[in-house]
Chemist: 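This is the structure, below, for whatever I ask next.
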Amino acid sequence: MWGTAILELDTLHPGRWLAGSIISFYLNHHWLTVYATSTMYYVDMQSISHPEFITEEVVVRYHRHNPLTPDHGNVFDHRPVVFVVHAHEHYFVVVFDYENSRTFAFGPSIRGSGISVGAQQWLDWKGPELWIAVARFHRWPVPDVDGVQVVALRWPQVSELSLLHFPYS
């Protein structure tokens, strides 16, 4: 992961969109400093980039590269899971709460503001596939996708188009 981040260091310059590898590198570094006391788990963007292809081999590889090990045998304790999604040229944060069958998406759209509830919100960013994949990574039984309450919190954000016209400097 750090190799890709080094190649994309130029995205740290003002007026540039931050590369996903830089975001992942920073969040992984931060995660390693707080995981022992965290009430959530973190999954990096690379691990969830193709949720439709999560096989047992991918899960084993995830466990090999993940510095955490389950507290009890081969299964992680239940906690909410946080990760960053890249969809439609946009990054946003998602929290899966499996115990309460809830998904929270923070900033999933650059348009509009407010709170919206409904499963339609997560179809655009492969939410159901991610729900299954993240549960598999933690070796939890895969909860029913149809029963998940999806809450999206939106606020006005800078769009790529406005950045091209008014770059930060």
Side-chain angles (χ1 to χ4, degrees), residues 1 4 17-28 30-31 35 38-160:
M1 176 184 311
T4 306
W17 284 102
L18 202 54
S21 63
I22 301 291
I23 295 169
S24 281
F25 184 78
Y26 173 77
L27 291 175
N28 276 320
H30 182 68
W31 172 242
Y35 76 88
S38 179
T39 58
M40 293 185 167
Y41 294 122
Y42 166 72
V43 177
D44 64 273
M45 281 193 287
Q46 183 178 359
S47 295
I48 60 165
S49 61
H50 298 288
E52 62 277 17
F53 300 116
I54 303 300
T55 63
E56 182 59 25
E57 180 181 328
V58 172
V59 171
V60 168
R61 193 175 328 121
Y62 173 78
H63 283 267
R64 258 191 250 133
H65 292 99
N66 189 334
L68 302 178
T69 55
D71 292 332
H72 306 291
N74 202 21
V75 180
F76 286 86
D77 291 337
H78 275 276
R79 296 183 195 172
V81 180
V82 63
F83 54 93
V84 175
V85 171
H86 182 242
H88 310 293
E89 302 300 318
H90 176 67
Y91 294 102
F92 58 97
V93 175
V94 173
V95 176
F96 283 168
D97 179 357
Y98 288 93
E99 287 188 305
N100 296 302
S101 291
R102 289 191 194 138
T103 293
F104 299 92
F106 298 91
S109 172
I110 60 172
R111 294 186 193 95
S113 62
I115 299 173
S116 60
V117 178
Q120 181 60 38
Q121 294 295 326
W122 76 338
L123 297 177
D124 294 338
W125 46 269
K126 298 182 181 179
E129 292 92 341
L130 287 166
W131 180 261
I132 293 167
V134 170
R136 286 185 180 159
F137 280 141
H138 293 88
R139 300 206 183 274
W140 296 329
V142 178
D144 179 22
V145 175
D146 295 329
V148 178
Q149 179 186 23
V150 181
V151 178
L153 305 156
R154 297 171 294 141
W155 56 86
Q157 299 177 46
V158 176
S159 71
E160 185 171 354

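Positions are given from 1, in the same order as the sequence printed here.
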Chemist: Classify the ring geometry of F96 against Y98: parallel below 30°, tilted from 30° to 60°, perpendicular beyond 60°.
Modeler: perpendicular

Chemist: Do L130 and V94 have side chains that approach each other closer than 4.5 Å (heavy atoms only, starting at C-beta)?
Modeler: no

Chemist: I54 versus I132: any side-chain heavy-atom pair under 4.5 Å?
Modeler: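 They are not in side-chain contact.
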
Chemist: How long is the straight-line distance from NE2 of H50 back to CD of E129, given to the nearest 0.5 Å?
Modeler: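 The distance works out to 13.0 Å.
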
Chemist: Once salt bridge (Lys or Arg N to Asp or Glu O under 4.0 Å) is applied, do any residues pair with E52, and if so which ones, sequence neighbours excluded?
Modeler: K126

Chemist: For residues I48 and V84, report the shortest heavy-atom separation together with the two atoms involved.
Modeler: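 Nearest pair, atom of I48 first, then V84: CD1-O, 3.6 Å.
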
Chemist: Under the side-chain contact (heavy atoms from CB on, under 4.5 Å) test, which residues partner S38, sequence neighbours left out?
Modeler: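 Testing S38 for side-chain contact (heavy atoms from CB on, under 4.5 Å), a comparison that skips the adjacent residues, returns W31, M40.
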
Chemist: Parallel, tilted or perpendicular for W125 and W122, by the 30°/60° rule?
Modeler: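 Because their plane-to-plane angle is over 60°, the rings of W125 and W122 count as perpendicular.
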
Chemist: With respect to F137, which candidate in Y62, W131, Y41 satisfies the ring pair (Phe, Tyr, Trp, His ring centres under 6.0 Å) definition?
Modeler: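 Answer after filtering Y62, W131, Y41: Y62.
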
Chemist: For residues A135 and P143, report the shortest heavy-atom separation together with the two atoms involved.
Modeler: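 Minimum heavy-atom contact is CB-CD, 4.2 Å.
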
Chemist: Are V59 and R139 close enough that some pair of their side-chain heavy atoms sits under 4.5 Å apart?
Modeler: yes

Chemist: Please indicate whether E57 has more than 12 foreign heavy atoms, meaning atoms of other residues, nucleotides or ligands, lying under 6.0 Å from its CD.
Modeler: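 No, the 6.0 Å shell around CD holds no more than 12 heavy atoms from other groups.
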
Chemist: Please enumerate all residues that pass side-chain contact (heavy atoms from CB on, under 4.5 Å) together with T39, with sequence neighbours excluded.
Modeler: none

Chemist: Apply side chain to side chain contact (heavy atoms under 4.5 Å, CB included) to the pair H138 and V43, showing each step before the final yes or no.
Modeler: CA-CA 10 Å; H138 293 88; V43 177; 3.7 Å; yes

Chemist: How many angstroms lie between atom OG of S47 and atom CZ of R61, to the nearest 0.5 angstrom?
Modeler: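 Here the rounded value is 9.5 Å.
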
